[in-house]
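For reference, positions follow the sequence shown, starting with 1.
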Amino acid sequence: MNKLISIFPLSIFKDSIALPEDYKQQLIRAIFEMEAETAEAAHAGDEAWLGDTRGFAFLFQKPLFEELYRRIAETIRAYIEALGLNNELLDFYFQRSWATITRKGEKIHEHCHAQSNLSCSYYLRKPPHSGGIQFTTQNHPNEFATGMFSSAKTDLGLIQQQGVHTCNAVVVEPAEGDIFVFPSKSLHGTVPSESGDARISISADITTMLRDSYGHETMMPHFSNWRRFDE
Ligand SMILES: [Fe+2]
């Protein structure tokens, strides 16, 4: 009997963070206020409102968000454990974190967070049909001819069975309160929202460092050993 043995999968870690309703509403109000402050620059074309490019890239500095980042940090450590890695050897730093607001017809175009190690997306407000997150790869291990795994090849009948073995794009549907963690280098974007209610997600980029880099040839040494040019 033959079978496929799948190796080198991308793992997206999914968990949920249930926040008390009043706290959640405070966060939502604060994010809508950020959007209102930048109304003149908001919602260009079909792009969602992105807080990182509008002066709100460090939400973890705001006291109101402290509890949320405590919970996200717990989730990151759970992801590390789920992968079978040792949390004790690593330090984690939130380097950037911002909210996104997606209204009807809007989406977040495909991108990756190349300056970071781990990224996560928390769905603070996720109305039905407001768009899932789409992960894509330009280097699918099974794509033995360039361009083979495009949707056109499905329409043309080459791909008879669409699935993770034959697709270079996969949509994952989050529910409100879900959080996804993934390597920052993973290409991702969102499916356009069909909902009249705003979708709010909070993204975070996390840098990891070895607590002690003795014996390690790769990975970032701890910044406490670094020296700035002018110091
Ligand atoms: Fe992103």
Side-chain angles (χ1 to χ4, degrees), residues 12 17 19 24-73 75-76 92-127 129-138 169 171-172 174 176-208 220 223:
I12 309 294
I17 296 177
L19 299 174
K24 186 169 138 181
Q25 292 307 325
Q26 284 180 51
L27 296 181
I28 290 171
R29 273 199 301 277
I31 291 164
F32 279 137
E33 279 168 23
M34 294 172 206
E35 183 195 32
E37 278 180 44
T38 60
E40 75 294 338
H43 301 275
D46 64 349
E47 178 91 72
W49 181 88
L50 307 173
D52 56 330
T53 54
R54 293 183 169 89
F56 298 100
F58 307 105
L59 293 188
F60 44 78
Q61 293 172 352
K62 294 183 182 292
L64 176 64
F65 287 76
E66 199 173 305
E67 174 60 13
L68 175 64
Y69 288 102
R70 193 186 64 75
R71 301 287 300 273
I72 293 176
T75 307
I76 298 297
F92 301 87
Y93 289 84
F94 287 115
Q95 55 157 263
R96 209 168 63 129
S97 184
W98 65 100
T100 76
I101 304 175
T102 306
R103 298 184 188 278
K104 196 170 188 175
E106 295 176 347
K107 64 177 184 176
I108 299 171
H109 293 267
E110 186 179 280
H111 64 284
C112 72
H113 305 196
Q115 88 298 346
S116 161
N117 296 121
L118 291 173
S119 293
C120 64
S121 193
Y122 174 62
Y123 298 90
L124 182 65
R125 196 173 193 260
K126 179 68 182 69
H129 313 295
S130 60
I133 181 166
Q134 176 170 284
F135 290 92
T136 53
T137 178
Q138 292 173 343
V171 175
V172 188
E176 191 161 292
D178 279 353
I179 178 167
F180 292 162
V181 183
F182 48 92
S184 302
K185 63 184 179 182
S186 317
L187 281 170
H188 60 283
T190 66
V191 175
S193 172
E194 294 172 1
S195 171
D197 287 332
R199 166 199 200 271
I200 300 179
S201 71
I202 294 178
S203 299
D205 285 343
I206 293 133
T207 286
T208 61
M220 192 175 286
F223 83 95

Evaluate the ring planes of [X] and [Y], with Trp represented by its six-membered ring, and classify them as parallel (under 30°), tilted (30 to 60°) or perpendicular (over 60°).
X: F223; Y: Y93; result: perpendicular
X: F60; Y: Y69; result: perpendicular
X: H111; Y: H113; result: parallel

4.5 Å side-chain heavy-atom contact, [X] and [Y]:
X: F32; Y: R125; value: yes
X: K126; Y: D178; value: no
X: Y122; Y: L19; value: yes
X: P192; Y: D46; value: no
X: W98; Y: M34; value: no
X: E176; Y: Y123; value: no
X: F94; Y: L59; value: no
X: I31; Y: F65; value: yes

Provide the closest heavy-atom pair for [X] versus [Y] in the form atom of the first, atom of the second, distance.
X: Q134; Y: T136; result: NE2-CG2, 3.7 Å
X: L187; Y: E110; result: CD1-OE2, 3.8 Å
X: F135; Y: S186; result: CD2-CB, 4.3 Å
X: S203; Y: S97; result: O-OG, 2.6 Å
X: Q95; Y: F58; result: O-CE2, 3.4 Å

To the nearest 0.5 angstrom, please state how far the [atom1] atom of [X] sits from the [atom2] atom of [Y].
X: I200; Y: K24; atom1: CD1; atom2: NZ; value: 10.0 Å
X: I179; Y: L124; atom1: CD1; atom2: CG; value: 11.0 Å
X: S195; Y: R103; atom1: OG; atom2: CZ; value: 10.5 Å
X: S193; Y: H129; atom1: OG; atom2: NE2; value: 10.0 Å
X: T208; Y: L118; atom1: OG1; atom2: CG; value: 6.0 Å
X: T100; Y: F56; atom1: OG1; atom2: CZ; value: 14.5 Å

Subject >> Neighbour count >12 (heavy atoms, 6.0 Å) for atom CD, Q138 >> reply: no
Original post:
Around E66, counting heavy atoms of other residues, nucleotides and ligands shown, do more than 12 lie under 6.0 Å from its CD?
Top reply: no
Subject >> Contact list for residues 181-208, test salt bridge (charged side-chain N to carboxylate O under 4.0 Å, His left out), sequence neighbours left out >> reply: R96-D205
Original post:
Under 3.5 Å, is there a donor-acceptor pair between the side chain of T190 and the main chain of I108?
Top reply: yes
Original post:
Passes side-chain contact (heavy atoms from CB on, under 4.5 Å), C120 versus T75? Steps please.
Top reply: CA-CA 9 Å; C120 64; T75 307; over 6 Å; no
